[in-house]
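The structure appears below as structure tokens.
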There are 2 protein chains.
Amino acid sequence: MKPAADAKNDTSKRILDIAEQLLLTRGFNAFSYQHISSELGVRNAAIHYHFPKKTDLGVALIQRYRRRFQRFVDAQHTLAPQQQLERYFTLTDAYFEQDQQICPSGILTTEYQTLPAEMQAEANAFVDEMRDWAVRIAAAGRDDGSMHYAGTAEAMGLLMLAALQGGLQLARTDQSVLPALKLQIRALLGLATPLP
Amino acid sequence: MKPAADAKNDTSKRILDIAEQLLLTRGFNAFSYQHISSELGVRNAAIHYHFPKKTDLGVALIQRYRRRFQRFVDAQHTLAPQQQLERYFTLTDAYFEQDQQICPSGILTTEYQTLPAEMQAEANAFVDEMRDWAVRIAAAGRDDGSMHYAGTAEAMGLLMLAALQGGLQLARTDQSVLPALKLQIRALLGLATPLP
DNA sequence: GACACCTTACTAACCAGTAAGTAGAGTTTC
DNA sequence: GAAACTCTACTTACTGGTTAGTAAGGTGTC
């Protein structure tokens with residue numbers, strides 16, 4: 001048995017969970033170790049024990065996102081393209097419903113210029129992966145005949161990603177944004193009503 | 001003659017100019033009065049003389065944007081819809097080319113939860129105005145037969161706004177984003193090559 | 001002398017980060 | 001099997017820097 005290691009992992013995970021919530025609602029520059037430690041019920045220095053520098057915490061957060069996103073993608077590579085798109089919409093809705101969070105790529109690219117180089121590198125990789133995935137959906141949908149749109153799959157995937165990223169942010173000022181955007185993306189892809 | 005008033009206006013304007021640059025590159029939470037005062041060559045308290053609270057500066061910034069955007073819209077209400085769209089693209093490019101700035105609505109909605117209530121209210125109004133304008137372009141383009149797209153003009157305008165907002169942010173990780181996005185929006189509107 | 005526009009000098013709060021110490025659980029050594 | 005140790009996961013206490021914001025004073029212009 002390794003209760004010590006379990007406890008360590010548990011605290012680290014809880015730190016990451018709280019930091020993730022703060023990142024997606026307030027941004028990396030607008031939360032501090034105090035926010036985390038008071039929420040967690042420990043002292044400030046305890047956070048530094050697990051993540052010595054704030055940069056370490058930021059990098060760990062993005063790396064966790066990347067792993068999670070990879071699992072998300074892998075888990076549904078057998079689904080039809082339009083079902084994958086609907087899953088992506090559901091994911092987007094889930095962000096918004098949880099305290100009007102925005103997507104990680106949105107906060108990371110917006111604060112990009114103020115982030116340490118290690119975080120910028122991780123953010124670049126993360127954005128690339130998300131973009132590739134959106135492009136694959138658009139390409140597969142065209143290939144299997146379920147989606148019909150003008151332009152290239154590369155540009156269409158990019159547009160969907162950019163629109164949802166911007167849409168999650170705009171939704172904070174008007175909650176009707178996301179439903180309208182989803183409808184419009186479906187319309188532009190020549191999709192009818194969403195699948196159940 | 002009013003040299004005193006001119007000097008005041010001039011300094012206030014320069015403060016706003018520097019603050020605007022900082023807002024669009026770093027965000028509201030990631031710049032301080034020190035950044036402005038050192039750039040301007042004055043002491044910290046001089047900024048507080050013109051804008052007592054940082055909130056005052058933030059509100060003044062958004063109000064200036066709103067006035068500027070209104071002039072931008074008014075100045076080209078006689079242009080054809082697709083020419084107005086191209087002007088909007090040009091505006092977007094100009095932001096990016098100036099130190100990879102993002103659009104004001106992007107930073108304001110991303111940092112929304114951390115902004116003082118006065119700034120949130122101004123941001124709401126600003127976003128509404130931008131959204132209305134994008135929708136009017138989509139509607140006018142459909143009405144005059146120059147644009148052809150699926151879905152409503154409301155949703156299409158919103159999608160263009162959201163995509164360009166997200167696109168300006170994503171462009172920081174890959175400069176090919178904006179050109180691809182512009183091409184795709186034109187394609188989705190049934191527009192051919194951009195007008196000169 | 002009143003006013004606009006600054007300065008110096010300061011406060012209190014917050015920030016990331018560090019150093020040194022401690023409690024407890026597990027491991028080693030004799 | 002008990003004393004000695006080591007390790008994890010913290011704590012207290014602190015540093016130096018930055019933050020927004022204020023108070024009081026100076027200087028030039030009308």
Side-chain angles (χ1 to χ4, degrees), chain A residues 1-20 22-23 25-62 111 113-120, chain B residues 1-23 25-62 107 111 113-120:
Chain A
M1 255 178 69
K2 285 183 174 183
D6 286 346
K8 196 264 178 190
N9 289 340
D10 186 62
T11 301
S12 284
K13 183 184 178 305
R14 284 163 67 198
I15 291 172
L16 285 171
D17 288 342
I18 295 168
E20 175 178 325
L22 289 164
L23 178 71
T25 51
R26 302 180 52 87
F28 191 71
N29 295 316
F31 79 82
S32 69
Y33 274 29
Q34 269 84 344
H35 286 104
I36 302 172
S37 58
S38 67
E39 174 94 14
L40 196 57
V42 295
R43 297 305 184 137
N44 218 348
I47 316 296
H48 282 284
Y49 171 78
H50 294 278
F51 300 96
K53 306 289 162 75
K54 202 183 175 190
T55 300
D56 300 326
L57 175 58
V59 167
L61 271 176
I62 311 178
E111 291 188 307
Q113 324 257 47
T114 69
L115 297 179
E118 300 97 306
M119 285 184 69
Q120 289 184 347
Chain B
M1 257 178 66
K2 286 183 173 182
D6 285 347
K8 195 265 177 193
N9 290 341
D10 187 62
T11 301
S12 283
K13 182 184 179 302
R14 284 164 66 197
I15 291 172
L16 285 171
D17 289 342
I18 295 168
E20 175 178 325
Q21 166 75 12
L22 289 164
L23 178 72
T25 51
R26 301 179 52 88
F28 191 72
N29 293 317
F31 80 82
S32 69
Y33 274 28
Q34 269 83 343
H35 286 106
I36 302 173
S37 58
S38 67
E39 173 95 14
L40 196 56
V42 296
R43 296 304 184 140
N44 217 349
I47 316 294
H48 281 285
Y49 172 77
H50 293 278
F51 301 96
K53 306 289 163 74
K54 201 184 175 189
T55 300
D56 301 325
L57 175 60
V59 168
L61 271 176
I62 311 178
I107 199 77
E111 291 188 306
Q113 323 256 48
T114 69
L115 297 180
E118 301 97 306
M119 286 184 67
Q120 289 184 347

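Letters A, B, ... mirror the listed sequences (proteins, then strands); counts begin at 1.
Side-chain N/O atoms of H50(A) include one lying less than 4.0 angstrom from OP1 or OP2 on dC10(D).
In this view, Y33(B) and H48(B) satisfy the ring-ring contact (aromatic ring centres under 6.0 Å, His included) rule, not counting sequence neighbours. Considering only residues two or more places apart in sequence or on other chains, F31(B) meets the ring-ring contact (aromatic ring centres under 6.0 Å, His included) condition with F28(B). Residues satisfying the side chain to side chain contact (heavy atoms under 4.5 Å, CB included) criterion with S32(B), sequence neighbours excluded, are Q34(B), H35(B).
Residues from residues 31-41 of chain B with heavy atoms under 4.0 angstrom of DNA chain D, sorted by number: F31(B), S32(B), Y33(B), Q34(B), H35(B).
Distance from the side chain of A45(A) is smallest for dT12(D) among the nucleotides dT8(C), dT12(D), dC10(D). When each of dT8(C), dT12(D), dG21(D) is scored by its nearest atom to the side-chain atoms of K53(B), the top-ranked nucleotide is dG21(D).
The heavy-atom pair separating I36(A) from L57(A) by the smallest distance is CD1-CD2, 3.7 Å. The nearest pair of heavy atoms linking I107(B) to G27(B) is CD1-CA, 3.5 Å. Among all heavy-atom pairs drawn from V59(B) and E118(B), the shortest one is CG2-CB, 3.8 Å. Minimum interatomic distance between Q113(A) and T25(B) (heavy atoms only, all atoms of both residues): CG-O, 3.0 Å. Minimum interatomic distance between T55(B) and P116(B) (heavy atoms only, all atoms of both residues): OG1-CG, 3.4 Å.
For the pair L22(A) CG and dA16(C) P, the interatomic distance rounds to 11 Å; values are reported in whole Å. Following rounding to the nearest Å, R43(A) (CZ) and dA16(C) (C1') show an atom-to-atom distance of 17 Å. Distance Y49(B) OH to dA9(C) P: 21 Å, rounded to the nearest Å. Note: NE2 (H48(B)) to P (dC6(C)) measures 14 Å, nearest angstrom. K54(B) places its NZ atom 14 Å from the C1' atom of dC14(C), with the value rounded to the nearest Å. With rounding to whole Å, R26(B) atom CZ is found 13 Å from dT19(D) atom C1'. Taking atom CD1 of I47(A) as the reference point, atom P of dA16(C) lies 11 Å away to the nearest angstrom. Regarding L57(B), its CG atom lies at a distance of 14 Å from the P atom of dT19(D), rounded to whole Å.
When each of R14(B), Q21(B), K13(B) is paired with D17(B), the side chain to side chain donor-acceptor pair (under 3.5 Å) condition holds for K13(B) and for no other.
If you take CZ on R43(B) and OG on S38(B), they are separated by 11.0 Å, rounding to the nearest 0.5 Å.
Using a distance-only test at 3.5 Å, with no hydrogens or angles considered, a donor-acceptor pair links the side chain of E111(A) to the main chain of N29(A).
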Tabulated below should be each protein N or O lying under 3.5 Å from an N or O of nucleotides 11-13 of chain C; please produce it.
none

For nucleotides 14-16 of chain D, which of its nitrogen or oxygen atoms have a protein nitrogen or oxygen under 3.5 Å away, and what is each distance?
none

